[in-house]
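Sequential numbering from 1 along the given sequence is applied to the chain's residues. As the structure is a computational prediction, the values presented were derived from the model and not from experiment.
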Amino acid sequence: MTTVEKGSARAYQQFMPAEHPVQYLAADGTDVDSAARYARPSDERLLSMYRTMVHGRRFDQQATALTKQGRLAVYPSARGQEACQIAAATCLRETDWMFPTYRDSMALAARGVDQVELLGMLAGYWHCGYDPKQYRVAPQCTPLATQLLHATGFAYAEMKQGRDTIALAFCGDGATSEGDFHEALNFAAVFHAPVIFLVQNNGFAISVPLARQSAAPSLSHKGVGYGIGSEQVDGNDPIAMMAVMDEAVAYVRAGKGPVVVEAHTYRMDAHTNADDATRYRKSDEVEGWLARDPLSRLDAYLTSKGLLNDELRSDITVSADADAAELRAGMNVEQSVDPQDLFRFVYSTPTPALIEQSNQVADEIAAEEN
């Protein structure tokens with residue numbers, strides 16, 4: 001091998017993810033003998049994360065119940081993915097931006113987005129329900145991977161203006177099969193855009209298993225081909241998730257370019273309340289992942305360290321229940337809807353066609369009232 005070839009090999013290795021997902025906690029919450037180089041987060045941060053995860057799961061349960069009550073048209077549960085979403089959201093600065101998918105509601109709640117506003121889109125309210133600028137959270141994106149291009153362009157623009165803003169782009173394993181994913185990675189790599197691509201690999205793109213989507217050693221390896229620093233992590237290990245995300249944030253903010261983080265996790269519930277997951281996955285598979293529940297895992301760890309006891313656990317649960325009650329009450333308030341909002345916020349100067357449509361709706365409503 002020539003000197004140039006050796007240099008190329010070394011350069012190649014710096015982008016490679018770990019051979020196995022980074023892990024610090026076993027399924028039962030005990031420490032594992034990990035060779036990972038990442039700094040473990042403090043116990044104080046882990047306890048805070050536990051509190052946020054309990055609130056996140058309770059929010060998810062309440063949102064699921066609201067679909068059964070007819071208050072939401074649909075809800076994509078993220079139960080089992082709490083560690084992925086909450087570790088990512090809490091590692092950011094207030095000035096950073098998140099670009100979420102439809103399943104990242106717990107990350108938005110952890111970011112501080114009002115929970116009633118958060119569910120506004122799924123309840124049929126106008127636009128995305130919350131003010132993206134207020135929370136620095138882009139609208140939740142339903143089409144796969146389109147938000148990755150938004151995040152990349154935004155991050156590049158922030159960099160060009162001399163700001164050290166990071167864009168955190170969430171996506172799932174299914175999104176990595178989309179062209180937008182590859183376009184976003186290539187642009188981010190070439191132009192050194194400060195963006196973190198967090199791939200929550202929960203094993204299924206609705207009903208399509210990962211084996212039918214990719215033949216790569218891992219989805220994190222997809223970043224290597226674009227010259228992007230990449231890592232894979234046990235997404236159900238809260239300590240590992242926070243440790244890896246901490247370094248990813250520091251790496252990107254230091255101007256070293258984008259990062260791909262693949263979090264191996266699992267969607268405990270169906271794709272949405274309208275999906276029957278038993279048609280494409282077996283119960284023993286779900287049970288195996290239930291044994292790796294990220295919340296139970298962190299609970300066991302904190303308890304073993306004397307940081308969590310029955311009294312504190314009960315206090316946190318009561319607080320989460322209070323939030324759920326407030327959400328429930330907020331979602332039971334009937335919204336005042338103005339049909340003209342369909343046309344009012346499309347263009348600053350309405351087009352003739354839009355005016356015609358607006359007038360048609362107004363005439364139909366007037367006819368019904370008369």
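Counting heavy atoms of neighbouring residues, nucleotides and ligands inside a 6.0 Å radius, atom CG of Asp33 does not exceed 12 of them. Atom CD of Gln161 is surrounded by more than 12 heavy atoms from other residues, nucleotides or ligands within 6.0 Å. The environment of CD in Glu326 is sparse: at most 12 heavy-atom neighbours from other residues, nucleotides or ligands sit within 6.0 Å. For Arg163, the CZ atom counts as densely surrounded, since its 6.0 Å shell holds more than 12 non-hydrogen atoms of other residues, nucleotides or ligands. The neighbour count for Tyr347 OH, taken as heavy atoms of other residues, nucleotides or ligands under 6.0 Å away, does not exceed 12.
With hydrogens and angles ignored, the 3.5 Å screen pairs a side-chain donor or acceptor of Ser304 with a backbone N or O of Tyr301. For Arg103 (side chain) and Ser77 (main-chain N/O), a donor-acceptor pair under 3.5 Å exists by modelled atom type. A donor-acceptor pair under 3.5 Å is formed between the side chain of Tyr130 and the backbone N or O of Ala138. Not a single donor-acceptor pair under 3.5 Å links the side chain of Arg267 to the backbone N or O of Gln81. The main-chain N or O of Leu295 is never found under 3.5 Å from a side-chain atom of Asp299 such that the two would form a donor-acceptor pair. A distance-only check finds a donor-acceptor pair linking the side chain of Ser230 to the backbone of Ile228 [under 3.5 Å]. A side-chain donor-acceptor contact under 3.5 Å links Thr90 to the backbone of Ile86. A distance-only check finds a donor-acceptor pair linking the side chain of Gln85 to the backbone of Ala107 [under 3.5 Å]. Checking side-chain atoms of Thr317 against main-chain N and O of Arg313 turns up a donor-acceptor pair under 3.5 Å. A donor-acceptor contact shorter than 3.5 Å links the side chain of Glu231 to the backbone of Ala18.
Side chains of Gln340 and Ser358: a donor-acceptor N/O pair is present below 3.5 angstrom, by distance only. Defined by atom type and a distance below 3.5 Å, a donor-acceptor pair is present between the side-chain atoms of Ser105 and Gln140. Using a 3.5 Å distance cut-off with no hydrogens or angles, the side chains of Thr52 and His55 do not pair a donor with an acceptor. Residues Asp237 and Gln23 bring no donor and acceptor atom of their side chains to less than 3.5 Å of each other. For the residue pair Tyr280 and Asp275, a side-chain donor N or O sits within less than 3.5 Å of a side-chain acceptor on the partner. Using modelled atom types and a 3.5 Å distance limit, the side chains of Gln200 and Asp104 yield a donor-acceptor pair. Side-chain N/O atoms of Gln213 and Asp173 include a donor and acceptor closer than 3.5 Å. Side-chain contact of Asn236 with Thr265: a donor-acceptor pair under 3.5 Å is present, judged by distance alone.
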Check your understanding: Should Arg292 and Glu287 be marked as a salt bridge (Lys or Arg N to Asp or Glu O under 4.0 Å) after you check the CA-CA gap, both sets of side-chain angles, and the distance that decides it?
Key -> CA-CA 9 Å; Arg292 300 166 61 181; Glu287 290 171 2; over 6 Å; no

Exercise for review: Applying salt bridge (Lys or Arg N to Asp or Glu O under 4.0 Å), run through Glu247 and Arg37 and close with a yes or a no.
Suggested key: CA-CA 10 Å; Glu247 179 151 323; Arg37 57 182 175 77; 2.3 Å; yes

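Minimum heavy-atom separation, Thr152 to Ala193: O-CB, 4.1 Å. The minimum heavy-atom distance linking Ala145 with Asp180 is given by the pair O-CB, 3.6 Å. Phe181 approaches Ala175 most closely through the heavy-atom pair CB-O, 3.3 Å. Across every non-hydrogen atom of Tyr135 and Asp114, the tightest pair is OH-N, 3.4 Å. Closest non-hydrogen pair, Arg71 versus Asn332, comes out as NE-OD1, 3.1 Å.
Residues Leu72 and Asn273 form no side-chain contact, since every pair of their non-hydrogen atoms from C-beta on lies 4.5 Å or further apart. Put simply, the side chain of Cys91 reaches to within 4.5 Å of the side chain of Met242, judged on heavy atoms. Considering only heavy atoms from C-beta on, Phe204 stays 4.5 Å or farther from His271 through its side chain.
Aromatic ring orientation, Tyr226 versus His182: tilted (interplanar angle from 30° to 60°). The aromatic rings of Phe187 and Tyr156 lie perpendicular to each other, with more than 60° between the two planes, well past the 30° mark.
Under the salt bridge (Lys or Arg N to Asp or Glu O under 4.0 Å) rule, Asp96 has a single partner from Arg136, Arg253, Arg111, which is Arg253. With Arg79 as the fixed residue, the salt bridge (Lys or Arg N to Asp or Glu O under 4.0 Å) test singles out one of Asp60, Asp269, Asp293: Asp269.
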